[in-house]
Amino acid sequence: MMESQKYAIVDLETTGHSPANGDRMIQIAIVIMKDWNIEQTYTKFIYPGKAIPSFIQDLTHITDEDVKDALPFEAHADYIYELLADCVFVAHNADFDLSFLQAEFKRAGLPKWQGKKMDTVELAKILFPMSLGFKLGDLAADLNIELTNAHRADDDARATAELFKRCWKELLSLPQLTLEQMHKRSFKLKSNLSQLFFEALQIKRQHLTANENVSYYRNLAVCDGRKKRTNNAEEIVSYPQTAADKTSLMTKAMPNFEQRPAQFVMMDTIWQALNDKRECVIEASTGIGKTAGYLLPTILYARAVDKKIAISTYTSHLQEQLVEEELPKIEKILGTKVNIAVLKGMQHYIDLARFEQCMAYADESYDDTFTILQILVWLTKTETGVLSELNVSGGGQLFLEKIRKMPVDKPSRSFDFYEQALRNSEFADCIVTNHSMVLSDLVRQTPIFTQIDGWIIDEAHQFVQAAMQQDEIVFSYTQWKYIFGQIGTMEETALFQQFSQAAKKKQRVPMQSLQRLDAQFIRLQRAFDETIQRAVQKMQQQIKGRQASSKCTLFLEDVLLAKEPLLQVSKLTQQWLDLAIEIGQSFENNIEQLDKNELYILSEWHYWIREMKVKIAEWEEIFLLPHNDNSVWLEFDLRSVPGSLHVFKKPVNVTPIIEKVLAPLRKQASIVWTSGTLTVPENERFVTRQLGIADSVEVTKLQAPPAYYAGAKAFIVTDMPDIQHVSQDEYIEAVAHAITRTVRMTEGRCFVLFTAQDMLRKTVELIQDSELLDDYMLFAQGVTGGSRMRILKSFQKFSHAVLFGTNSFWEGVDVPGDALASVIVVRLPFSSPEEPVFKARAKHITAQGRNSFNELSLPEAIMRFKQGFGRLIRSSQDKGAFIVLDRRITTKSYGKEFIKALPPIDVKKVQLPELLKELNHWQK
């Protein structure tokens with residue numbers, strides 16, 4: 001019998017990243033593990049022979065005092081070298097720890113350590129592909145692994161050992177077929193994980209249970225979630241008509257339920273609207289319990305009439321919150337399961353047939369292999385098949401694009417997650433979907449929302465934004481070049497070369513046809529490049545003499561492109577497509593059976609043809625068709641032209657689009673529009689008119705009681721420089737100073753809201769250079785990597801943290817309780833007058849003889865301002881300061897409308913020193 005493998009799980013703390021530049025170790029910890037039990041732990045402080053930099057002291061909490069009596073590494077080198085003998089070296093980011101250790105061994109006069117290494121970052125990414133982050137702290141939080149002092153070698157090594165053991169258990173839980181697929185690919189990985197996969201596979205083969213080996217997609221066997229809608233008499237709870245009935249029903253599930261009259265008004269309004277089949281609009285401020293306010297009457301109505309209800313939201317975050325947090329509460333109240341189906345657009349789901357074809361192909365890059373391993377594990381866990389559940393790298397994202405579900409002519413024989421979602425929605429009481437899915441029902445061959453009896457449109461103000469995005473068309477120079485590169489010519493190592501070789505081998509396609517297609521492709525690329533080159537010259541002429549920054553925007557109508565070259569690109573693309581489709585059919589219809597490799601090449605061929613069809617349709621929409629009610633503009637960066645060139649086409653007025661989508665829905669169902677912000681003072685119908693809601697439909701405004709906001713205070717800082725009379729650099733300096741002072745006074749837990757990415761970046765850089773917030777975690781949208789939700793979740797993990805955000809952080813972001821102490825508004829959130837869609841909409845209003853500032857600019861800014869305040873107080877226990885640094889709120893006549901838009905709270909005008917005193921006093 002083979003002797004058990006010993007693992008040395010190692011973590012180092014160092015003065016920096018480079019031993020060559022004199023960085024040294026300050027702590028080492030080694031956990032020896034055999035048979036998945038800890039046999040020995042070794043930990044030592046190491047004297048580095050130099051001062052520990054202050055940022056390392058902040059990070060590790062290891063001070064010069066801690067290491068002053070420690071021995072240098074040389075004193076421990078022999079023992080450590082011996083300890084690692086016959087072990088596999090394991091670390092979280094093994095390359096760093098091992099290379100640092102090798103450098104220290106060399107300095108101590110020892111030979112290079114020889115052995116295998118395993119990296120728990122690489123391993124955890126494969127085995128926990130749905131994790132939000134793969135830092136040791138993130139994984140420890142996700143998997144409930146104890147990690148009291150992150151960045152201390154002893155605690156980190158123990159947590160890494162526990163993570164490694166957890167990964168092993170996870171491997172053993174996977175089906176044998178999954179493990180076989182994984183083991184086959186594991187030799188391409190960067191660390192020696194294939195050994196681990198092989199051991200798990202051996203154990204699996206010895207203990208194979210008969211029913212486990214059905215398929216490595218457990219979903220294919222069990223995921224047909226068809227649940228017949230049940231409607232037994234004893235399950236139906238009748239709608240609670242009185243406040244007492246509602247309170248008694250809610251208290252069953254929530255003993256601490258506090259009665260909120262506005263929430264009950266909301267319930268009654270919705271119940272009535274659903275029964276009367278009419279439209280209603282409800283602005284429900286934070287604090288009235290909006291989600292439960294619409295869920296309870298909606299579900300009771302669906303049950304009572306045995307009809308389906310749909311809830312549409314803008315963000316996937318709210319969808320998740322509905323399904324995972326809010327619905328279970330309603331189920332508890334009703335004492336019964338609610339049959340719910342989540343429905344997203346087709347492209348959100350994996351195409352399993354396409355994934356299998358990609359797996360059959362032999363020539364994979366490291367990124368492809370790695371992503372396939374993540375997907376194989378994910379397929380044993382996912383119930384939805386929605387690709388956004390996966391946390392993959394940039395290269396992995398390109399692979400995901402290839403395996404998204406697309407509309408195809410031939411139905412697939414594979415299991416289909418999208419079809420499953422549609423089937424589940426047939427049997428649901430309640431469908432949860434998103435605005436873009438509702439808007440695209442208009443162009444679907446088979447509309448899917450015909451059986452809906454009532455609609456709740458949550459985040460209703462975003463329906464306008466969704467309609468704009470739905471009708472947006474984008475030309476991207478780099479995307480065209482990327483597609484050209486993927487297809488390639490006969491001379492280039494890309495798809496066409498593989499296709500030609502496979503076609504020639506079995507004489508599937510005549511050589512003449514392949515050469516014709518090749519020549520056509522070269523002609524097309526040349527015409528495309530020449531056309532773009534001409535466009536670039538025209539663009540440069542336009543901005544000559546202008547005060548041009550590196551990022552430029554021009555309206556297409558000002559660039560005056562010649563029509564003929566644009567038509568030529570369209571014609572040549574169409575000719576190439578016709579030939580490529582014909583040749584693909586010859587390849588497929590050859591008498592000889594296609595092998596796995598040929599099937600993959602053919603599916604790639606079809607995929608890139610489809611991509612080219614999409615691209616040429618966009619080209620014609622943007623450059624050749626009339627623009628009517630659309631704004632079309634070019635965006636580019638002078639430092640990289642044409643690489644940075646994008647052309648956008650967006651509708652100026654979406655009301656007709658929305659009315660067209662909603663006309664059939666309005667005939668058959670009730671529509672309830674709701675949001676925390678639907679009105680602004682002096683312009684109550686700003687949003688409803690854009691949504692095409694008749695003025696006769698009343699807007700019900702529901703506000704939480706004043707006591708709800710007792711913990712909130714607003715401060716307007718009056719000694720900031722006037723934004724319109726100083727340079728941007730001067731203003732940024734004042735902003736950075738105000739932010740650092742405020743953050744230190746409130747001890748972090750602060751949102752800083754900007755209106756422009758450029759100002760955000762410069763402010764963050766200035767704060768980092770000043771080192772005044774070095775003991776705080778700074779997260780900045782567009783600077784810190786990751787999605788909005790990932791940045792938010794990271795921010796919530798630290799008590800000393802600051803989050804810098806632009807547009808998407810002004811709303812829809814929940815930070816409960818003590819996690820947020822202040823919101824700082826750097827500038828009043830007016831849209832930039834040069835922002836193309838805004839400019840076009842303003843022009844459209846002005847052309848009708850109306851005032852674009854009062855009708856568009858001001859109400860839009862007030863809406864965002866209200867939403868910014870909404871981040872601060874999420875419950876009646878919350879306490880927070882809303883700080884406005886833009887003096888225009890006190891010096892301009894429109895400023896009072898911003899203040900009026902806030903709930904009834906104390907608003908103080910103060911100078912910065914006074915603000916800091918107030919905050920200090922308040923903190924205590």
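The closest side-chain heavy-atom distance from Phe555 to Ser631 is below 4.5 Å. For the pair Val735 and Met720, the minimum side-chain heavy-atom distance is below 4.5 Å. No side-chain heavy atom of Pro829 sits under 4.5 Å from any side-chain heavy atom of Leu753. No side-chain heavy atom of Leu318 sits less than 4.5 Å from a side-chain heavy atom of Tyr314. At least one side-chain heavy atom of His737 sits under 4.5 Å from a side-chain heavy atom of Leu912. You'll find the side chain of Leu885 reaches within 4.5 Å of the side chain of Tyr731, heavy atoms only. Annotation: side chain of Val826 is in contact with side chain of Val752 (closest heavy-atom distance under 4.5 Å). Two residues are said to be in side-chain contact when any heavy atoms from C-beta on lie closer than 4.5 Å; Lys701 and Glu684 meet this criterion.
Note: Thr251 OG1 to Gln259 CD = 8.5 Å, rounded to the nearest 0.5 Å. One finds the CD1 atom of Ile767 at 7.0 Å from the CG atom of Leu778 (value rounded to the nearest 0.5 Å). In this structure, the separation between CG on Leu249 and CD1 on Ile330 is 9.0 Å, given to the nearest 0.5 Å. Taken to the nearest 0.5 Å, the CE atom of Met468 stands 8.0 Å off from the CG atom of Asn653. Taken from CD1 in Ile739 to CG in Leu772, the straight-line distance is 12.0 Å, to the nearest 0.5 Å. The structure places CG of Leu295 at 10.5 Å from NZ of Lys290, a figure rounded to the nearest 0.5 Å.
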Go through Thr247 and Phe264 one step at a time and tell me if the side chain to side chain contact (heavy atoms under 4.5 Å, CB included) criterion holds.
CA-CA 9 Å; Thr247 306; Phe264 290 175; 3.6 Å; yes
What verdict does the side chain to side chain contact (heavy atoms under 4.5 Å, CB included) test give for Met745 and Arg741, after you've listed the backbone C-alpha separation in whole Å, the side-chain angles of each residue and the deciding distance to 0.1 Å?
CA-CA 6 Å; Met745 196 52 77; Arg741 300 292 302 276; 6.0 Å; no
Show your reasoning for whether side chain to side chain contact (heavy atoms under 4.5 Å, CB included) applies to Gln690 and His461.
CA-CA 9 Å; Gln690 291 178 71; His461 63 287; over 6 Å; no
Step-by-step side chain to side chain donor-acceptor pair (under 3.5 Å) determination, Gln728 to Lys762
CA-CA 10 Å; Gln728 194 197 43; Lys762 286 177 176 164; 3.2 Å; yes
Apply salt bridge (charged side-chain N to carboxylate O under 4.0 Å, His left out) to residues Lys329 and Glu326 and explain how you reach the verdict.
CA-CA 5 Å; Lys329 290 180 196 166; Glu326 301 298 333; 3.7 Å; yes
Would Thr674 and Ile270 count as a side chain to side chain contact (heavy atoms under 4.5 Å, CB included) if you check the C-alpha gap in whole Å, the side-chain angles of each, and the deciding distance to 0.1 Å?
CA-CA 10 Å; Thr674 184; Ile270 291 173; 6.0 Å; no
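By the 30° and 60° cut-offs, the orientation of the rings of Phe898 relative to Phe830 is perpendicular.
A donor-acceptor contact shorter than 3.5 Å links the side chain of Thr242 to the backbone of Asp245. Distance alone, capped at 3.5 Å, places no donor-acceptor pair between the Gln703 side chain and the Ala262 backbone. Judged by distance alone, with hydrogens and angles left aside, the side-chain atoms of Glu459 form no donor-acceptor pair with the main-chain N or O of Gln462 at under 3.5 Å. Proximity of a side-chain donor or acceptor of Glu747 to a complementary backbone N or O of His800 within less than 3.5 Å is not detected. Between the side chain of Glu283 and the backbone N or O of Thr679, at least one donor-acceptor pair lies under 3.5 Å. No donor-acceptor pair under 3.5 Å is formed between the side chain of Ser675 and the backbone N or O of Asp458. In terms of modelled atom types and a separation under 3.5 Å, the side chain of Ser436 and the main chain of Ala466 share no donor-acceptor contact. A donor-acceptor pair under 3.5 Å links the side-chain atoms of Lys246 to the main chain of Pro240, judged by distance alone. When atom types are taken as modelled, the side chain of Ser670 and the backbone of Glu279 share no donor-acceptor pair closer than 3.5 angstrom. Proximity of a side-chain donor or acceptor of Tyr239 to a complementary backbone N or O of Asp268 within less than 3.5 Å is detected.
By the ring-ring contact (aromatic ring centres under 6.0 Å, His included) test, Phe463 pairs with His435, Trp673, sequence neighbours left out. Partners of Phe869 according to the ring-ring contact (aromatic ring centres under 6.0 Å, His included) rule, which considers only residues two or more places apart in sequence or in another chain, are Phe882.
In terms of heavy atoms, Thr269 sits closest to Cys280 at CG2-SG, 4.3 Å. Considering every non-hydrogen atom in both Ile658 and Ala467, the closest pair reads CG1-CB, 3.9 Å. Here the closest heavy-atom approach between residue Pro328 and residue Glu324 is recorded as CG-O, 3.3 Å. Nearest approach of Ala273 to Val672, heavy atoms of both residues: CB-CG2, 4.4 Å. Closest non-hydrogen pair, Leu439 versus Val661, comes out as O-CG2, 3.8 Å. Closest approach of Arg887 and Val717 over heavy atoms only: CG-O, 3.8 Å.
Under a 4.0 Å N-O distance rule, the pair Lys900/Glu682 qualifies as a salt bridge.
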Run the side-chain donor-acceptor check on residues 691-699: report pairs under 3.5 Å with partners two or more places apart or on a different chain.
{"unit_1": "Asp695", "atom_1": "OD1", "unit_2": "Arg685", "atom_2": "NE", "d": "3.2"}
{"unit_1": "Asp695", "atom_1": "OD1", "unit_2": "Arg689", "atom_2": "NE", "d": "3.4"}
{"unit_1": "Asp695", "atom_1": "OD2", "unit_2": "Arg689", "atom_2": "NE", "d": "3.4"}
{"unit_1": "Asp695", "atom_1": "OD2", "unit_2": "Arg689", "atom_2": "NH2", "d": "3.0"}

